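Below you'll find the structure, written out as structure tokens, and then a few comments.
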Amino acid sequence: MKTYLITVLLFLSVPIIAQETTTKKISIGVTYSPNYSYRSISSTPEFLKSIRDDDKAVLGQSLNLLFRYRLNDCLGIESGISFQNRGYKMQMDTYLYFDVYDPAIPERSEYTDRFQYLGIPVKLTLKKEFNHIALVSSIGFMGNFLLKSEQVTTNYFDNRKEKITNNTTSEFKTFVLTATIGAGIEYRFNTHYKIILMPAFQRDITPISDGDMKHYLWDMGLNVGLLYEF
């Protein structure tokens, strides 16, 4: 009899455990992130070292429109649209290659490559709530479609500088697959509204260009935004 009662109670408890306590399943929102943008290179060791010594990071940014669906209290899926500005910079002391001073030759030059992408993310989110504060993490992939790319050459002379901008969109792939991961907090200040604060990292899985030297962009940033939950 005791075994029968325990079995009945066990089966009755299963739907109770599986029942979701969260009534708000859908969230929409917007975030903005200033990013630290850089690149990594896959090439032969000798050429790789000389290129990396001249590489510098640039400041990028992203504007993200979010759509999130909660599967249960802890697990959810997220997608949306991301407008991104990414890139990297190379610096070169050009005067080192000439023995005679020539005012027409710049003392140094900077080559800044910038890329504008439209991204479609697909992420898995994990959440643990504590009253008004929730710890949130996400991991997933983003398909990035190249909208535009350009290289800005800045030449520094003795008492002036000049900039030259060239469109380089045709030189790079129109689609790049990127891995993304983030972790941060959400603060609920209203029944429906939350503030998001989430540091995030993303890195290309497929290169932005083919050839002997392959480029992969990566970014670190801090997403700040507003989420509406219903």
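Please read these numbers as outputs of a predicted model, since none were measured by experiment.
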Side-chain heavy atoms nearer than 4.5 Å, only ILVMFWY residues, links allowed to pass through others: does that put [X] and [Y] together?
X: I185; Y: F130; answer: yes
X: M220; Y: Y38; answer: yes
X: F83; Y: I120; answer: yes
X: Y193; Y: I28; answer: yes
X: L147; Y: F175; answer: yes

Counting only N and O atoms by type, is there a donor-acceptor contact under 3.5 Å from the side chain of [X] to the main-chain atoms of [Y]?
X: H192; Y: E229; answer: yes
X: S138; Y: L124; answer: no
X: T153; Y: Y111; answer: no
X: S79; Y: P121; answer: yes

Minimum heavy-atom distance between [X] and [Y], given as atom pair plus value:
X: T125; Y: I77; value: OG1-N, 4.1 Å
X: A134; Y: E129; value: CB-CG, 3.7 Å
X: P207; Y: K214; value: CB-CB, 3.9 Å
X: F172; Y: T168; value: CD1-O, 3.2 Å
X: K173; Y: L146; value: O-CD2, 3.5 Å
X: K163; Y: V152; value: CD-CG1, 4.3 Å

Q: Answer yes or no: are there more than 12 heavy-atom neighbours, outside F141 itself, under 6.0 Å from its atom CZ?
A: no
Q: Mark yes when over 12 heavy atoms from residues, nucleotides or ligands other than L59 sit less than 6.0 Å from its CG; otherwise mark no.
A: no
Could you state the interatomic distance from [atom1] ([X]) to [atom2] ([Y]), rounded to the nearest 0.5 Å?
X: I81; Y: L63; atom1: CD1; atom2: CG; result: 10.0 Å
X: S109; Y: E162; atom1: OG; atom2: CD; result: 8.5 Å
X: E186; Y: L227; atom1: CD; atom2: CG; result: 5.5 Å
X: R203; Y: L177; atom1: CZ; atom2: CG; result: 11.5 Å
X: K89; Y: D113; atom1: NZ; atom2: CG; result: 11.5 Å

Measure the shortest side-chain to side-chain distance between [X] and [Y] over non-hydrogen atoms and say whether it is less than 4.5 angstrom.
X: F67; Y: I26; result: yes
X: I196; Y: V136; result: no
X: H132; Y: F189; result: no
X: L217; Y: R39; result: yes
X: L197; Y: N223; result: no

**Q.** Verdict with supporting geometry, S27 and K194, side-chain contact (heavy atoms from CB on, under 4.5 Å)
**A.** CA-CA 10 Å; S27 303; K194 292 182 176 181; over 6 Å; no
Q: Please step through side chain to side chain donor-acceptor pair (under 3.5 Å) for the pair Q202 and D219, ending with a clear verdict.
A: CA-CA 5 Å; Q202 65 178 31; D219 311 84; 3.2 Å; yes
Q: Start with the C-alpha distance between N190 and Y228, add both sets of side-chain angles, then the distance that settles side-chain contact (heavy atoms from CB on, under 4.5 Å), and finish with yes or no.
A: CA-CA 10 Å; N190 186 279; Y228 178 78; over 6 Å; no
Q) Between S37 and N35, does any side-chain donor sit less than 3.5 Å from a side-chain acceptor? A) no
**Q.** SB check E78 R68 (cutoff 4.0 Å)
**A.** yes
(Q) Strictly below 4.0 Å, N to O, side chains only: are D204 and R86 in salt-bridge contact? (A) yes
(Q) Would T154 and T112 count as a side-chain contact (heavy atoms from CB on, under 4.5 Å) here? Give the steps. (A) CA-CA 8 Å; T154 306; T112 304; 5.6 Å; no
Q: Applying side-chain contact (heavy atoms from CB on, under 4.5 Å), run through W218 and Y88 and close with a yes or a no.
A: CA-CA 10 Å; W218 60 263; Y88 58 87; over 6 Å; no
Q: Return the set of residues passing salt bridge (Lys or Arg N to Asp or Glu O under 4.0 Å) with E110 (not counting sequence neighbours), or none when no residue passes.
A: R108
